[in-house]
Enquirer: 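Below you will find the structure I want to go over with you.
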Amino acid sequence: MSTGVAQRCDTALGWGSGRVGMVGRAAMCVAALLVFCGPLITVFSGAFDHSPDPTKLSLLPNNPSTINFEVAGERGIWGYLVNSLVIAGGGLLLQVSVSVFAAYALARKKFRAQALVMVAVLTTMMLPEEVIAIPLSLTIGQLGLKGTLLGVILPLGAWGFSIFVMTEFMKEIPVELEEAAKVDGASELRIFAQIVVPLCRPALGVVAVFGFTMIWDQYLLPLIVATEPADYTLTVALASLRSDDQVGPGVVLAGALLALVPSLLVYLSLQKSFLRGITSGAVKG
């Protein structure tokens, strides 16, 4: 199918199947690579450049130095990074756990108002953060979680997207596997832990990658919970650095590079499961 699409594109663009077509496709790939990698190159180059020029794109720093990271460290960037890592790790663990158990109940159990529960889960995805900011702030304050990392982690424990993905994936697992395990005397908890969850690894990869990205990019929630600058996450700290006239663009780019690395590492470590989960729906049925 992809070969046919490529051939039709070559025909529409006037490219043949020979050397001209190969050169044309290569040129398009290079152009797309420059468009998507240009900002990443700017971040990397500017982070290690002693005096970066944000209006110019350079592959390598003109004056390689780690002074930007040193200045960012003096501004407390490492503490903000630790806060972000703790929140992302704890929030993702809680979110995956809640999503797996909730999806198992929605996909494998039959109860009244099951469809309404699923609709309620999906509705939470349609509410902008700004709408729930005030009630969320009041709730966190009443629970005494202001100024704590737990106050940021708990609201991130349930995400409608993760529950939806896990539910739809679990529905595709053959019920016969569970029935055979029950005949062999396996308990429901054992079936859940040793049969259902291992078969959901592709979906878990998708949930983990998107969940980590969602948690890592949180700005409004950490800002609501924080009571002092030491409680900020890296995302909030970057906004503060941008408004600080005493630091240059290189310091901001150094912080942006630190914010980029964890997301990249998570994606690379879960790449196989992520791609399997994304493509699994295309090959079913």
Side-chain angles (χ1 to χ4, degrees), residues 43 47 69 72-102 121 124-125 127-166 204-244 251-270 273-274:
V43 170
F69 293 93
E74 295 175 357
R75 300 285 176 172
I77 199 73
W78 302 112
Y80 303 139
L81 178 61
V82 172
N83 290 343
S84 295
L85 291 174
V86 172
I87 291 173
L92 183 61
L93 180 61
L94 181 61
Q95 187 179 110
V96 171
S97 301
V98 171
S99 300
V100 169
F101 284 104
V121 170
T124 61
M125 301 171 55
L127 295 175
E129 293 183 351
E130 293 78 8
V131 174
I132 62 175
I134 294 178
L136 183 60
S137 177
L138 295 175
T139 302
I140 292 175
Q142 291 176 356
L143 294 176
L145 297 177
K146 280 281 190 177
T148 64
L149 298 181
L150 187 61
V152 184
I153 293 174
L154 286 181
L156 299 171
W159 188 28
F161 175 80
S162 299
I163 297 176
F164 175 75
V165 170
M166 293 301 304
L204 288 173
V206 175
V207 169
V209 171
F210 279 105
F212 183 88
T213 304
M214 184 274 288
I215 297 173
W216 189 260
D217 293 340
Q218 283 292 317
Y219 175 79
L220 186 59
L221 179 59
L223 191 62
I224 290 174
V225 177
T227 56
E228 56 185 17
D231 301 328
Y232 287 168
T233 59
L234 189 56
T235 307
V236 180
L238 286 177
S240 300
L241 285 177
R242 289 183 59 188
S243 60
D244 193 343
V251 178
V252 179
L253 292 175
L257 182 60
L258 292 176
L260 173 65
V261 171
S263 298
L264 183 62
L265 293 178
V266 169
Y267 173 76
L268 292 177
S269 62
L270 299 174
S273 297
F274 177 78

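All of these numbers come straight from a predicted model, not from anything done at the bench.
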Enquirer: Going by distance alone, is a donor N or O of one side chain under 3.5 Å from an acceptor N or O of the other, for Thr213 and Asp217?
Expert: no
Enquirer: Under the 3.5 angstrom rule, does the side chain of Ser137 hit a backbone N or O of Ala133 as a donor-acceptor pair?
Expert: no
Enquirer: To the nearest 0.5 Å, tell me how far Met166 CE sits from Phe101 CZ.
Expert: 11.0 Å
Enquirer: Using the rule side-chain contact (heavy atoms from CB on, under 4.5 Å), only one of Ile77, Leu258, Val251 pairs with Phe69; which is it?
Expert: Leu258
Enquirer: Which heavy atom of Val86 sits nearest a heavy atom of Ile153, and at what distance?
Expert: O-CD1, 4.0 Å
Enquirer: Between CG of Leu234 and CH2 of Trp78, what distance do you get to the nearest 0.5 Å?
Expert: 9.5 Å
Enquirer: Please report the closest heavy-atom contact between Tyr80 and Tyr232, naming both atoms and the distance.
Expert: CD2-O, 3.4 Å
Enquirer: Between Ser269 and Val266, what is the shortest heavy-atom contact and its length?
Expert: OG-O, 2.9 Å
Enquirer: Kindly give the heavy-atom pair with the smallest separation between Pro155 and Ile140, and that separation in Å.
Expert: CG-CD1, 4.2 Å
Enquirer: Which pair of non-hydrogen atoms, one from Lys146 and one from Ile224, has the smallest distance, and what is that distance?
Expert: NZ-O, 2.7 Å
Enquirer: Within a radius of less than 6.0 Å around CD1 of Ile134, do more than 12 heavy atoms belonging to other residues, nucleotides or ligands occur?
Expert: no
Enquirer: My understanding is that only one of Leu149, Leu92, Val225 makes a side-chain contact (heavy atoms from CB on, under 4.5 Å) with Ile87; could you say which?
Expert: Leu149
Enquirer: Evaluate Val236 against Asp231 for side chain to side chain contact (heavy atoms under 4.5 Å, CB included), listing each step before the verdict.
Expert: CA-CA 10 Å; Val236 180; Asp231 301 328; over 6 Å; no
Enquirer: Between Thr233 and Ser84, which heavy-atom pair has the shortest distance, and what is it?
Expert: CB-OG, 3.3 Å
Enquirer: Which word best sums up how the rings of Trp216 and Phe212 line up, parallel for under 30°, tilted for 30 to 60°, or perpendicular for over 60°?
Expert: parallel
Enquirer: Determine whether Leu154 and Leu94 satisfy the following criterion, side chain to side chain contact (heavy atoms under 4.5 Å, CB included), listing intermediate values before the conclusion.
Expert: CA-CA 8 Å; Leu154 286 181; Leu94 181 61; 4.1 Å; yes
Enquirer: Using 0.5 Å steps for rounding, measure from the CD1 atom of Ile215 to the OG1 atom of Thr235.
Expert: 11.5 Å
Enquirer: Determine, step by step, whether Met214 and Leu156 satisfy the side chain to side chain contact (heavy atoms under 4.5 Å, CB included) criterion, reporting the C-alpha distance in whole Å, the side-chain angles of both residues, the deciding distance to 0.1 Å, and the verdict.
Expert: CA-CA 9 Å; Met214 184 274 288; Leu156 299 171; 4.1 Å; yes
Enquirer: Side chain of Ser162, backbone of Ser99: donor and acceptor closer than 3.5 Å?
Expert: no
Enquirer: Find the distance between CD1 (Ile132) and CG (Leu221) and round it off to the nearest 0.5 Å.
Expert: 8.5 Å
Enquirer: Look at the side chain of Thr124 and the backbone N and O of Val121, then say whether any donor-acceptor pair between them is shorter than 3.5 Å.
Expert: yes
Enquirer: How far does CD of Gln95 sit from CZ of Phe161, to the nearest 0.5 angstrom?
Expert: 10.0 Å
